[in-house]
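Below is one structure, written out as structure tokens; comments come after it.
In what follows, every chain begins at residue 1, and chains take the letters A, B, ... in the order their sequences are listed. Values reported hereafter were calculated over all heavy atoms of this structure, with side chains retained and with hydrogens, waters and symmetry mates removed.
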Amino acid sequence: MSNKSNKALLHLTDVSVTVENKQVVRGLSLTIKAGEIHALMGKNGSGKSSLSNALMGHPYYTISAGSAELMGQNVTELQADERSRAGLFLAFQYPQAIPGVTVANFMRSALIAHRGKEADMRGYRKELFAAMDELEIDRDFAGRYINDGFSGGEKKRLEILQLFLLQPTMAILDETDSGLDIDALKIVAAGINKFHTAKNGILLVTHYQRILDYVIPDYVHVMIDGNIVKTGGPEVALELEEGGYEVFQPAKTAVGA
Amino acid sequence: MSENTDQLDRAVMDAETRDSTASIGSNYAEKYGFYDEEAARNYFLKGAKGINHDVVENISRIKSEPKWMNEFRHKSLDIFLSKPMPTWGDTELMNTIDFQNIYYYIKPIEKSARDNWDDVPDYIKNTFDKLGIPEAEQKFLGGVSAQFESEVVYHSLKEDLVKRGIIFLDMDEGLKQYPELVREHFASLIPPADNKFAALNSAVWSGGSFIYIPKGVDVGASPLQAYFRINAENMGQFERTLIIADEGSRLHYIEGCTAPIWTSDSLHCAVVELIAMDNAYIRYTTIQNWANNIFNLVTKRAIAKKNATVEWVDGNLGSKLTMKFPCVYLSGEYAKAEILSIAFAGTGQHQDAGAKVIHIAPNTSSRITSKSISKDKGIASYRGMVKVYKGAKNSKVSVECDALLLGSEARSDTYPTMEIHEDDVKIEHEARVSKVSEEQLFYLTSRGITLDEARLLIVNGFIEPFTKELPMEYAVELNRLIELEMTGSVG
Ligand SMILES: Nc1ncnc2c1ncn2[C@@H]1O[C@H](COP(=O)(O)OP(=O)(O)OP(=O)(O)O)[C@@H](O)[C@H]1O
Ligand SMILES: [Mg+2]
């Protein structure tokens, strides 16, 4: 598992996250190296999305304590767009709809942002359609407005399409499996596996064991009340499936930051 | 536009052809706001500033007009002089117009309306080259008219359109060649007494387009375009357009306009009249891109007879004050009106735009969609009037106003008026004011797009219902114009 490489892509030390003056992540530490897949599981409201958003640079979520490094660089020094260009990606739990902006136009802008203004975009149409075909997304979606009127499952697939095209080094997938039917789940899982190489890392936030049957994690972390209370291999997800969060509830209050 | 390109192809094509580096860093001054000094040095005729009966008489004499037109002009001037300034709208700005500090007539070259670019002197042609007019003409236009100051200096109509009996001339030529047709319809929808600025136009009008589409002829797929260029400082441009679409014919007409940036004001007062006979279809698209020292006070009105459709697609960018409320009289049963407009107001600008529809006959329908963007200290107003006469049974009215505010000092006002004298009507009215959402911005920036570009994408998305109605070339151009406005480098 850890012999794939030892370069840390994401290195969190005692990270706390605050939203609306409320501390929702409390002194969390986590290291993800190249080639690794980490699953992050946890109760509703335990802070998984808050952590993800804060790492991506959402203006409402601030990293109020600790250090968060993306490939050795302190992320708090970067704006969201810079973090993206540095190789970080977040597939959102609730992707935003943006009426009037087509998927084709949006992805083109994103790719130019990543590849530079002089990038040759003549093959763009082919590239876009190839990725859509791979994920079994109807090509009509290229002309539709971002997430506007998309079903829950369609939104999740569009997130994976972006993952495909942007090829980040460190990808956080926040409940990308929620709301997918079983066929879509397989397609998305295959997409994630295809994306994954020894050079990139994935943090897979999920509530369900079922996606982990397809995307095999190296580590599974259990999060409760803003912190990781248990880390182990894939078996942890199975224990969780059986016994629920009760099993992992710390006896005493978790230690704060 | 009646082109068949489907949404997908267009979206991808648009994305592929968009030149990402196009105008970043450039500004209005470079792209549109240049002043051609050589052209100005070579003017064939430049009268004195100010307005009086002598000025009117001179214009009429230079044009060797029939007596009725000469009288019409003088009468109109009397109306202009006696009519007070409007007491509604942005009176504060309006009252700063100094009518005596304006040139009312400049004839740039001796022989106007040439039909070969090679015959147009270089010092005039340069401007239109820079603006890409000959290029657009070759690519997809059915005909072009290019006005410089007071006169149309170039004019063309494709061979096959000529053969099909289409008439596309400048208004002066129209009056010469088709005196009866012009006399019948000229000022029939907008009499000089309609408003002070229409009266002024009626007195000193020059240039503009005269179009007649014969019965059953369809020119919808190859638009005719007129381009209006102001060059001189303190210029007044008063073109006059009359379009007659005979029974069952179809036309798409496009107009564009730009001007150099001066510190003192110029005036643009156009009058446009459209006549759509039974079963005819007219789409009139405007992409106005004035420099910020222009008062743009325009009167546009159409009549749609039985089962006819009139569409005003109106893009208002630039100018100091724009007052423009395209109007349609739905006089025949099953007539339709569509008025789709956008307005962008930055600091020092007031876009007072809107629409007016009068339902006279039964089973008529209208749809007004207005989108405005106010940035920094800009003011955008929607002023709309819908009137349904008694007896206009089973008519449908839909009004939608959408305002986007950029910055905490931006302002948007709406003044909707409805006068409904018939019970059997269906009316929908919606108005919204919004700001660019932080969540949307974050979504885009999280994909590597800079904050400025994300904002631009969202603003262009906001006006997409408008943009998608434009021919592709204009849609791309409009997105670029918005980009110029957003980067705030407009003079
Ligand atoms: N924008 C916000 N404003 C106020 N409170 C917030 C905001 N975002 C998150 N919170 C709060 O922070 C806590 C953690 O929420 P978060 O969305 O991170 O949980 P989660 O682990 O992702 O839950 P789920 O599994 O339901 O997605 C919750 O109590 C939530 O109400
Ligand atoms: Mg969540």
Rounded distance [0.5 Å steps], CD in B/E438 versus CD in A/Q96: 11.0 Å
Heavy atoms from other residues, nucleotides or ligands near CD of A/Q79 exceed 12 (cutoff 6.0 Å): no
Heavy-atom pair with the smallest gap, counting every atom of B/Q440 and A/P99: NE2-CD, 3.8 Å
A/H58 and B/E439 side chains, donor-acceptor separation under 3.5 Å: yes
Under 4.5 Å from a heavy atom of chain B, the part of A/P168 involved: neither
Interchain contact, A/A97 with chain B, by part (heavy-atom threshold 4.5 Å): backbone
Residue part contacting chain B, namely of A/I146, when any heavy atom lies under 4.5 Å: side chain
For the student: nearest non-hydrogen atoms of A/S109 and B/E453, plus distance: OG-OE2, 3.6 Å
Rounded distance [0.5 Å steps], CZ in B/F442 versus CG in A/N53: 5.5 Å
A/D81 side, atom CG; B/T450 side, atom OG1 - distance, nearest 0.5 Å: 6.0 Å
Point-to-point distance, once rounded to the nearest 0.5 Å, from CG of B/L457 to CZ of A/F106: 8.5 Å
Nearest-0.5 Å distance that lies between atom CD in A/E159 and atom OH in B/Y443: 3.5 Å
Stepwise side-chain contact (heavy atoms from CB on, under 4.5 Å) test for A/V101 and B/E464: CA-CA 8 Å; A/V101 182; B/E464 160 80 9; over 6 Å; no
Options B/S446, B/S437, B/G461, B/G448, ranked by heavy-atom pairs under 4.5 Å with chain A, top entry: B/G448
A/I98, part contacting chain B, at a heavy-atom distance under 4.5 Å: both
Step-by-step side-chain contact (heavy atoms from CB on, under 4.5 Å) determination, A/S84 to B/T445: CA-CA 8 Å; A/S84 165; B/T445 55; over 6 Å; no
